[in-house]
There are 2 protein chains.
Amino acid sequence: MSGSTRRAGRRGWKGWSTVSQRVPTVRDVAVRAGVSVGTVSKALNNRGQLREETRARVVAAARDLGFRPNALAQSLQSGRTYTVAVITTDRFGRFGNPLMLGVEDALGADRVSVFLCDTRDDPIREHHHAQTLDERRVDGIIVAGRRKQTRPPLAVASGVPVVYVIAQSSDPSDFCVTTDDVGGGALAGRHLLAAGRTHIGHITGPERFADPRERAAGLQSVLDSAGLDLAGGQVFYGEWSEDWGRRAAEMLLHAAPDTDAIFCGSDQIARGVVETLRDRRLRVPGDIAVVGFDNWEPMAAGCRPPLTTVDPNLREVGRVAATRLLDMIAGTPVQGSTETVPAWLMLRESTGVRLVDPQS
Amino acid sequence: MSGSTRRAGRRGWKGWSTVSQRVPTVRDVAVRAGVSVGTVSKALNNRGQLREETRARVVAAARDLGFRPNALAQSLQSGRTYTVAVITTDRFGRFGNPLMLGVEDALGADRVSVFLCDTRDDPIREHHHAQTLDERRVDGIIVAGRRKQTRPPLAVASGVPVVYVIAQSSDPSDFCVTTDDVGGGALAGRHLLAAGRTHIGHITGPERFADPRERAAGLQSVLDSAGLDLAGGQVFYGEWSEDWGRRAAEMLLHAAPDTDAIFCGSDQIARGVVETLRDRRLRVPGDIAVVGFDNWEPMAAGCRPPLTTVDPNLREVGRVAATRLLDMIAGTPVQGSTETVPAWLMLRESTGVRLVDPQS
DNA sequence: TTGTAGGCGTTATCAT
DNA sequence: ATGATAACGCCTACAA
């Protein structure tokens, strides 16, 4: 509970009043240390020339008082807030998590705090957030979409650095960090080829999205180089659901009974596929190898057998985005207009890799 | 890209310089409108007595200049930042998502921005964040743990309202909002009883955690009232994994072959259980009904059959926590030291509910 | 080596 | 009805 007067606003405290314990300012520290406010500032920021004894006295006074510099006042005069915002349309969805982790990796080292704004796919909300962030004078903004698409630039005051993630701005001069879906598809394809599979099918999400199309293109290019055709003669586009995975697997096996590998556009789809295979008494990876996409741990690891899957490296995407943003804030011009982060392959058992137990 | 001098700090802009477009202040608006800064403030905030014509002129000037009030300056003088922080130990995990959604539900209406801080279960990190938040003068803090346990109070300046979520503070005077796991367990139990099941088993997570114990207690109390015993004669405590669900289901069926319902401590466990049941040619819900816990949509809905599951109502927990925090900030004393949010049951097919298609 | 004063952008009080 | 001015808390020239 603990409520007491801790603010300095002239309006004073409007709540129930308790002991009036003002939060200490440089002035209080100065009085206690028997010096002036200027000296306090210098002592606490290691600036200027000060006698060691004085500095120590000030530091001690600050410590005794529990002095915390007011970041608002500091920012007001420095013009830097050490604050950035992440605007996500993702409804705090699962893709946002690794991304945020990466962002914090990069930002945490720099004492930068993060405003999290969820637009819930509502342009009104987004605009509202953009305005608020303007007013708060954030140093920079990361705009994260969950799909590869082009979106209008964030309506924000000119001059605030913005980095787009996955969904890129329609303004070609804006900078964007994104995943490598073509590369991810190719990775899966090469892995299956290396495992000796030659009849590879592909089941994925909606064709109207760019992401699944790119993944399919990556796979296709690898098959082309190997002189192979897609099992079933087509990409099975559908939905991002387990159920689609189940149904599409039936279709694929019906069209191409000799299929010996299936690359899936998501781990959810892959789970559905694996379930159908099990129902049909087909062994994974014995008869058919399966590769997923996302490396969504609980989905992929919980699968039986555990799923080999393409990890789009979202955490790294977040880290890169934040790093570039910091660069822009510092004034270092970032080169290029889009940076693509390579995907990598998480090897589990669904493609026949036998993981060696380090214990044995 | 767009980088220009937009800050007012005396240090000036250290980056590459472009057109020097200062961000407009009340002063600029005042000049353009031909009035004084005080008048601008009144006009823009609808305060004091002003001629309508003047007000309009000021508003127009502000609009023309793209004026955005500097929130830092406002906060400095008002003592309110309209900013709260959510500190989570959850590594941005999945439980944090619905929680954050609820928090934003409550906060969004009030123009309050959210700092998101992830401690990654590291007390050092937590302390560091607490200090930063102190300096930023946030109006309040929500501390969210992912498990029901007692934790030391957040080391933060006295006077900042703090609401704990799920994990409660060891200081009994601190306020906490949490889930109703006993109630959730009871809900599951009553539902299964109502479905005519009388041999109900329970498979759940580690016994050392309070959450699974409470869920088990809730189920047990319902069984007691009905004069029934737990199928298998014990709660099957284990891990939060599908694999444990698979193994435990074998054990339970071995111990009590007449089991006709299984309540699982998580949706992941439930998926494992369902898989084992399918392998054994047992129909769900025909032979055995299954109830999960979490209502983790992709897990529960992707299951075949879709999983009836207890929804711990995390979004509501977040909403309540934020609402109470706003109350505390406003000075309204919150009553009680813990508020428990009721769980509810998401009905799907794994307990025999036949969902009526609204189309037909 | 230390103190003084001005300003960051805004709001509120008190003159006018 | 409007203007001038003093805070809010801090930092940094510049003066002492």
Side-chain angles (χ1 to χ4, degrees), chain A residues 5-14 22-31 33-58 61-62 65 67-82 134-137 157, chain B residues 5-13 22-31 33-58 61-62 65-82 134-137 157:
Chain A
T5 306
R6 56 184 282 270
R7 292 294 179 255
R10 195 175 304 159
R11 284 205 286 269
W13 182 253
K14 288 187 295 209
R22 228 168 30 81
V23 28
T25 73
V26 274
R27 185 167 234 96
D28 301 312
V29 178
V31 170
V35 296
S36 74
V37 291
T39 303
V40 172
S41 179
K42 284 168 209 153
L44 262 28
N45 298 297
N46 285 316
R47 227 155 327 234
Q49 306 292 316
L50 244 54
R51 225 183 339 162
E52 195 43 54
E53 192 272 332
T54 310
R55 188 182 305 276
R57 199 147 37 92
V58 172
L65 261 38
F67 170 76
R68 291 275 128 222
N70 185 327
L72 300 166
Q74 289 179 317
S75 297
L76 184 57
Q77 86 87 37
S78 72
R80 276 275 267 150
T81 55
Y82 292 93
D134 251 353
E135 298 178 358
R136 293 192 186 281
R137 303 298 193 261
Chain B
T5 306
R6 55 183 284 271
R7 291 296 181 253
R10 196 175 304 156
R11 283 205 286 270
W13 181 254
R22 228 170 28 81
V23 27
T25 73
V26 274
R27 184 166 235 97
D28 301 311
V29 177
V31 170
V35 297
S36 73
V37 290
T39 303
V40 171
S41 178
K42 284 170 208 151
L44 263 29
N45 297 297
N46 285 316
R47 250 178 283 262
Q49 307 291 316
L50 245 54
R51 231 187 332 162
E52 194 45 51
E53 192 271 333
T54 311
R55 187 182 304 275
R57 200 147 36 91
V58 171
L65 262 38
F67 169 76
R68 290 275 126 225
N70 185 326
L72 300 166
Q74 290 177 318
S75 296
L76 185 58
Q77 107 63 57
S78 72
R80 276 275 267 150
T81 55
Y82 292 93
D134 251 352
E135 298 179 357
R136 294 193 186 282
R137 303 297 193 260

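These numbers come from a predicted model, not from an experiment. Numbered from 1 within each chain, the chains take letters A, B, ... in sequence-line order.
- Here A:Arg27 does not reach the OP1 or OP2 of D:dG9: none of its side-chain N or O atoms lies under 4.0 Å away.
- Closest approach to the A:Arg51 side chain among D:dG9, C:dG9, C:dT1 is made by C:dT1 (side chain taken as heavy atoms from C-beta onward).
- Note on A:Thr39: a side-chain N or O is less than 4.0 Å away from OP1 or OP2 of C:dG3.
- Residue A:Gln74 has no polar side-chain atom (N or O) positioned under 4.0 Å from OP1 or OP2 of D:dG9.
- Between B:Ser41 and C:dT10 there is no side-chain N or O to OP1 or OP2 distance below 4.0 Å.
- Which of D:dG3, C:dT1, D:dC10 sits closest to the side chain of B:Ser36 comes down to D:dG3.
- When the C1' atom of D:dG9 is taken as reference, atom CZ of A:Arg22 falls 11 Å away, rounded to whole Å.
- Taking every heavy atom of both residues into account, B:Val29 and B:Val40 meet most closely at CG1-CG1, 3.9 Å.
- Atom P of nucleotide C:dT11 and atom OH of B:Tyr82 are separated by 12 Å, given to the nearest angstrom.
- Distance A:Gln77 CD to D:dC10 P: 11 Å, rounded to the nearest Å.
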### Query
Given A:Asn70 and B:Arg136, is the side-chain hydrogen bond (donor to acceptor under 3.5 Å, both in side chains) satisfied, shown in steps?
CA-CA 6 Å; A:Asn70 185 327; B:Arg136 294 193 186 282; over 6 Å; no
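- Following rounding to the nearest Å, A:Leu44 (CG) and D:dC11 (P) show an atom-to-atom distance of 8 Å.
- Within the 4.0 angstrom heavy-atom criterion, no nucleotide atom of any strand lies near B:Val40.
- Between the CZ atom of B:Arg137 and the C1' atom of D:dC10 there is a distance of 11 Å, given to the nearest Å.
- Where B:Pro69 and A:Glu53 meet DNA chain C, the nucleotide closest to each residue was compared, and A:Glu53 sits on the side nearer the 5' end.
- Close to C:dT2, at under 4.0 Å from its OP1 or OP2, lies a side-chain N or O of A:Thr54.
- The phosphate of C:dT11 (OP1 or OP2) has no side-chain N or O of B:Arg47 nearer than 4.0 angstrom.
- The structure places NZ of A:Lys42 at 10.0 Å from CD of A:Gln49, a figure rounded to the nearest 0.5 Å.
- Side-chain atoms of A:Arg68 and B:Arg137, non-hydrogen and from C-beta on, do get closer than 4.5 Å to each other.
- Ranking C:dT10, C:dA5, D:dC8 by closeness to the B:Leu76 side chain, first place goes to D:dC8.
- Tested against A:Phe67, the residues A:Val26, A:Asp28, A:Val23, A:Val58 include a single side-chain contact (heavy atoms from CB on, under 4.5 Å) partner, A:Val26.
- Between the CZ atom of A:Arg57 and the C1' atom of C:dT2 there is a distance of 11 Å, rounded to whole Å.
- Rounded to an integer number of Å, the gap from CG of B:Leu72 to C1' of D:dC11 is 15 Å.
- The shortest distance between the side-chain N/O atoms of A:Gln49 and the OP1/OP2 oxygens of C:dT2 is not below 4.0 Å.
- For the pair B:Asn70 and C:dC8, the criterion of a side-chain N or O lying under 4.0 Å from OP1 or OP2 is not met.
- Summarising the geometry, the separation between NZ on B:Lys42 and P on C:dC14 is reported as 13 Å, rounded to the nearest angstrom.
- A side-chain donor-acceptor contact under 3.5 Å links A:Thr39 and A:Ser36.
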